[in-house]
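Below is one structure, written out as structure tokens, with a few remarks after it.
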Amino acid sequence: MIPLHKQLFINLLELKIETKEEIKYDSFFTLIEEYLKLEKSIENASAETVDYLIRARQDYIKDILFEIENSPFSKYDNFYSGDLLTIKNIIKGQKIDFELLKIIFNTFHKKRTINYFTNIQRILDNQKRIDFKYIFILVDNLLQEINYHNFSYEKIKSLLKYTSDKYNICLEIQHSFDSKSEKKFPLCLIKVEVPKELEGQDLLIIDNVKFYKVYDVEWNLVSTVYSDLYKEHLEKFFITENNKIKYKSKGNLYLFETQNLDGADYQTRIRKAAQSVESNLKDLMSNTGTRKKNIIHTTAYTFTSEAPDKYRAFNIAVAGSKNIPVYQNRNKRDVQEFYKEYLSSFHKENFKLDSFKTIYNLLDLIKNTSEMTVENKLVILWSCLEKICVDLNRKAIIQKVQQIITKSHLMYILKQDLNEIWHGIVENNFHNQIEVLKEVIVDPSDDFVKYKPKELFVVLKGMDKENQTTIMEKDIVLAALINSFQENMKDKNTIKKYLKIEKSRVEQNIRRIYRHRNILTHTHSQQNFDIMYFVMKLEKYLSGLISIIIHYTLRNPELTIKDIIYAIDQTYNYYESTIIDSNDYNSILKPHYLLL
């Protein structure tokens with residue numbers, strides 16, 4: 001019989017790859033990599049910058065220790081156990097030898113490319129039972145490494161689909177990584193609509209990748225080193241066999257090599273090359289007065305030099321997630337409510353518009369980031385946070401942002417966890433199938449099915465084996481979420497422990513977002529960290545904060561944003577010191593209104 005933790009691992013991995021859901025839990029390897037880059041910055045920094053970087057170094061060491069102590073790699077026996085214990089002992093020592101720590105980090109980080117995926121499989125195989133909370137971390141760690149090693153999610157989906165044993169998927173991934181089975185990477189043909197200024201150029205070099213034009217927009221063959229070499233096969237396939245009919249969009253046909261591009265498989269390499277063209281040329285097309293949704297045809301063709309007459313169609317497009325996070329739906333409703341009220345306010349006499357205008361300007365700025373590169377998006381979203389949290393009496397804005405984001409997140413995290421569980425219940429129709437869940441519905445006739453928080457908590461806590469089995473058999477991920485929620489809500493001590501861990505994670509995220517924002521703002525070099533990871537974190541925190549501001553502004557237009565920010569600070573202090581200690585689950589799950 002397959003252990004439940006292995007079933008959860010596979011189901012959660014498939015779900016996250018399909019929905020492209022946010023990665024919540026970071027990897028100690030990622031933090032160590034960032035720490036080593038910080039050490040290089042310290043070596044090359046000016047005297048006035050060194051003090052700031054040394055403070056950042058202390059934060060990273062604290063964050064690395066936190067990740068190690070809360071990692072399944074520390075909890076269960078594996079190849080890294082000894083290394084992690086050594087690192088932990090050095091960090092916890094009376095005085096840290098930073099040179100020794102750097103050497104150990106450099107040595108340990110090299111192990112990232114050796115048997116990482118096998119190591120996860122070893123943890124899964126060698127345990128009779130693993131706490132579900134560690135499986136959530138393990139899956140996120142795996143996804144971090146998939147990104148780091150330049151595997152595409154599509155590649156992992158393919159391995160999951162065709163493997164004979166899903167429960168050994170980590171070994172399949174390791175084999176794919178080690179074998180380098182794709183030793184001969186194909187040539188690729190893509191159709192691109194370029195700005196008219198580039199129409200006459202037969203070679204484009206974008207991010208050091210050479211794109212050779214082989215056919216122009218009128219399907220005239222262009223003489224280049226590759227079109228001359230494969231002229232006969234190109235003309236037969238596209239002209240004689242009339243496959244050009246599949247390319248109805250405007251644009252030239254370009255050929256490029258995939259051999260020297262980044263990526264563990266040719267699919268990843270082609271998509272990265274296409275994204276590079278899209279990001280570099282799309283804005284240039286817009287600046288000519290022609291705004292384009294896409295400038296690259298979604299179908300590419302690949303062939304090898306050994307078989308130039310055998311073409312394979314390849315879909316460049318990566319399907320977006322059909323899953324919309326609960327917080328995005330909530331934020332969307334709040335924003336729509338705000339716009340509605342903002343428009344009607346122009347008909348009201350003596351209406352205070354100051355806060356409304358500030359919120360409107362913020363929403364306008366955030367909306368415009370959808371057109372930006374991810375680098376600019378991160379910088380602008382951070383500036384929105386600063387604009388909300390600014391306090392001229394404080395020297396360091398990072399302290400204020402960290403304090404407010406952490407408290408606004410923690411005050412609602414338990415309710416958000418319960419929302420996620422209820423979303424899963426409704427999605428699986430358990431609220432109609434399981435009798436006890438019908439009792440927690442606010443209004444059965446309502447299209448948007450709302451629930452009573454305390455009642456749902458009581459039902460989940462006392463659910464019998466039969467209903468637990470029903471949920472487990474249909475949706476083990478939902479069952480795991482319920483199990484983790486129950487563990488976190490046992491009593492006031494487990495709640496406080498959970499909030500303390502969440503607090504550390506949020507503070508860590510804010511510090512790292514701020515560091516990467518500074519790197520993007522103050523340097524000109526290209527960055528190779530996963531910017532999208534931090535953008536998603538930042539969007540989530542900002543959405544939650546804006547929803548709170550909108551909620552209270554609509555109910556009292558006299559309030560300023562500063563009033564609301566101050567109230568968040570004070571209300572969380574009250575929530576932590578009084579409400580949690582009260583053991584009143586209704587108040588804990590449906591937090592006290594802000595002290596305004």
Side-chain angles (χ1 to χ4, degrees), residues 5 8 12 16 21-32 34 58-76 84-85 87-88 91-92 123 130-144 325 327 401-421 457 460 477 480-513 533-534 536-538 540-541 544 568 572-573 575-577 579-581 583 585 588-589 591:
H5 67 258
L8 174 62
L12 189 58
K16 285 213 163 193
E21 188 184 323
E22 170 202 11
I23 295 175
K24 180 180 179 181
Y25 302 103
D26 212 339
S27 159
F28 48 74
F29 271 132
T30 306
L31 282 162
I32 288 171
E34 289 182 19
Q58 295 293 343
D59 288 333
Y60 267 99
I61 287 172
K62 182 170 71 174
D63 293 340
I64 289 166
L65 180 61
F66 169 80
E67 285 299 335
I68 288 173
E69 289 184 331
N70 289 280
S71 171
F73 288 99
S74 290
K75 178 75 174 174
Y76 304 102
L84 295 176
L85 186 60
I87 292 169
K88 195 172 164 182
I91 292 175
K92 283 190 162 184
I123 292 173
I130 297 177
D131 287 350
F132 282 167
K133 66 181 178 183
Y134 288 114
I135 296 299
F136 284 96
I137 297 173
L138 212 52
V139 169
D140 275 6
N141 284 179
L142 175 66
L143 293 173
Q144 284 265 354
Y327 80 87
V401 171
Q402 193 174 60
Q403 175 184 321
I404 296 304
I405 290 299
T406 302
K407 290 185 174 183
S408 64
H409 175 79
L410 294 179
M411 194 155 45
Y412 299 101
I413 184 63
L414 293 168
K415 180 62 174 6
Q416 288 171 12
D417 290 346
L418 201 57
N419 285 346
E420 188 176 2
I421 289 169
F457 168 71
L460 294 177
V477 174
L481 288 172
I482 293 171
N483 176 265
S484 297
F485 185 77
Q486 289 169 335
E487 289 293 312
N488 295 332
M489 291 288 292
K490 277 183 178 177
D491 53 48
K492 66 181 181 183
N493 292 326
T494 57
I495 292 173
K496 286 182 177 180
K497 183 181 177 182
Y498 174 57
L499 294 181
K500 186 179 178 181
I501 291 173
E502 276 293 310
K503 181 175 184 284
S504 295
R505 284 209 166 93
V506 176
E507 287 178 344
Q508 180 193 122
N509 288 332
I510 294 297
R511 283 195 294 267
R512 291 170 68 205
I513 290 167
Y533 173 80
F534 294 104
M536 289 177 73
K537 297 281 184 195
L538 190 48
K540 185 173 183 178
Y541 296 142
I568 290 172
Y572 180 75
N573 294 342
Y575 177 72
E576 186 179 43
S577 64
I579 293 180
I580 293 174
D581 281 335
N583 278 331
Y585 287 103
I588 291 170
L589 293 169

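Just so it is clear, the model here is predicted, and its values are computed rather than measured.
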If I take atom [atom1] from residue [X] and atom [atom2] from residue [Y], how far apart are they, to the nearest 0.5 angstrom?
{"X": "L589", "Y": "Q416", "atom1": "CG", "atom2": "CD", "answer": "12.5 Å"}
{"X": "L414", "Y": "L499", "atom1": "CG", "atom2": "CG", "answer": "5.5 Å"}
{"X": "N509", "Y": "K540", "atom1": "CG", "atom2": "NZ", "answer": "10.0 Å"}
{"X": "L142", "Y": "I135", "atom1": "CG", "atom2": "CD1", "answer": "11.0 Å"}
{"X": "I23", "Y": "T30", "atom1": "CD1", "atom2": "OG1", "answer": "9.0 Å"}
{"X": "N573", "Y": "I568", "atom1": "CG", "atom2": "CD1", "answer": "12.0 Å"}

Exercise. Do F136 and Y25 have ring centres separated by under 6.0 Å?
Worked result: no

Closest heavy-atom pair and its distance - [X], [Y]:
{"X": "L8", "Y": "V477", "result": "CD1-CA, 3.8 Å"}
{"X": "L84", "Y": "S74", "result": "CD1-OG, 3.7 Å"}
{"X": "I501", "Y": "F66", "result": "O-CZ, 3.6 Å"}
{"X": "Y575", "Y": "I588", "result": "OH-O, 2.9 Å"}
{"X": "L138", "Y": "P72", "result": "CD1-CG, 3.6 Å"}
{"X": "Y412", "Y": "S408", "result": "CD1-O, 3.1 Å"}

For a 4.5 angstrom cut-off between non-hydrogen side-chain atoms, does [X] reach [Y]?
{"X": "Q508", "Y": "L31", "answer": "yes"}
{"X": "L65", "Y": "I61", "answer": "no"}
{"X": "K62", "Y": "R511", "answer": "yes"}
{"X": "F28", "Y": "I87", "answer": "no"}
{"X": "K92", "Y": "E69", "answer": "yes"}
{"X": "D417", "Y": "Y498", "answer": "yes"}

Exercise. Is it true that D131 and K75 make a salt bridge, defined as a side-chain N closer than 4.0 Å to a carboxylate O?
Worked result: no

Exercise. Salt-bridged, D26 to R505, with N to O below 4.0 Å?
Worked result: no

For this session: Applying salt bridge (charged side-chain N to carboxylate O under 4.0 Å, His left out), name anything that partners K497, two or more places apart in sequence or on another chain.
Result: none

Looking at residues at least two apart in the chain, or sitting in another chain, which of them share a ring-ring contact (aromatic ring centres under 6.0 Å, His included) with [X]?
{"X": "H409", "result": "Y541"}
{"X": "Y134", "result": "Y76"}
{"X": "F457", "result": "Y585"}

Do [X] side-chain atoms and [Y] backbone N/O form a donor-acceptor pair below 3.5 Å?
{"X": "D491", "Y": "T494", "value": "yes"}
{"X": "K16", "Y": "E22", "value": "yes"}
{"X": "D140", "Y": "K24", "value": "yes"}
{"X": "Q486", "Y": "L460", "value": "yes"}

For this session: Report the C-alpha distance between F73 and N141 in whole Å, list the side-chain angles of each, state the deciding distance to 0.1 Å, and finish with yes or no for side chain to side chain contact (heavy atoms under 4.5 Å, CB included).
Result: CA-CA 10 Å; F73 288 99; N141 284 179; 3.7 Å; yes

For this session: I would like to know whether R512 and E34 meet salt bridge (Lys or Arg N to Asp or Glu O under 4.0 Å); could you show each step before the answer?
Result: CA-CA 9 Å; R512 291 170 68 205; E34 289 182 19; 2.8 Å; yes

Problem set entry | Which residues share a side-chain hydrogen bond (donor to acceptor under 3.5 Å, both in side chains) with K496, sequence neighbours left out | D581

Exercise. Stepwise, does the side chain to side chain contact (heavy atoms under 4.5 Å, CB included) test hold for Q144 with Y533?
Worked result: CA-CA 10 Å; Q144 284 265 354; Y533 173 80; 3.5 Å; yes

Problem set entry | Counterpart residues, side chain to side chain contact (heavy atoms under 4.5 Å, CB included), relative to K503 (two or more places apart) | T406, L410, E507

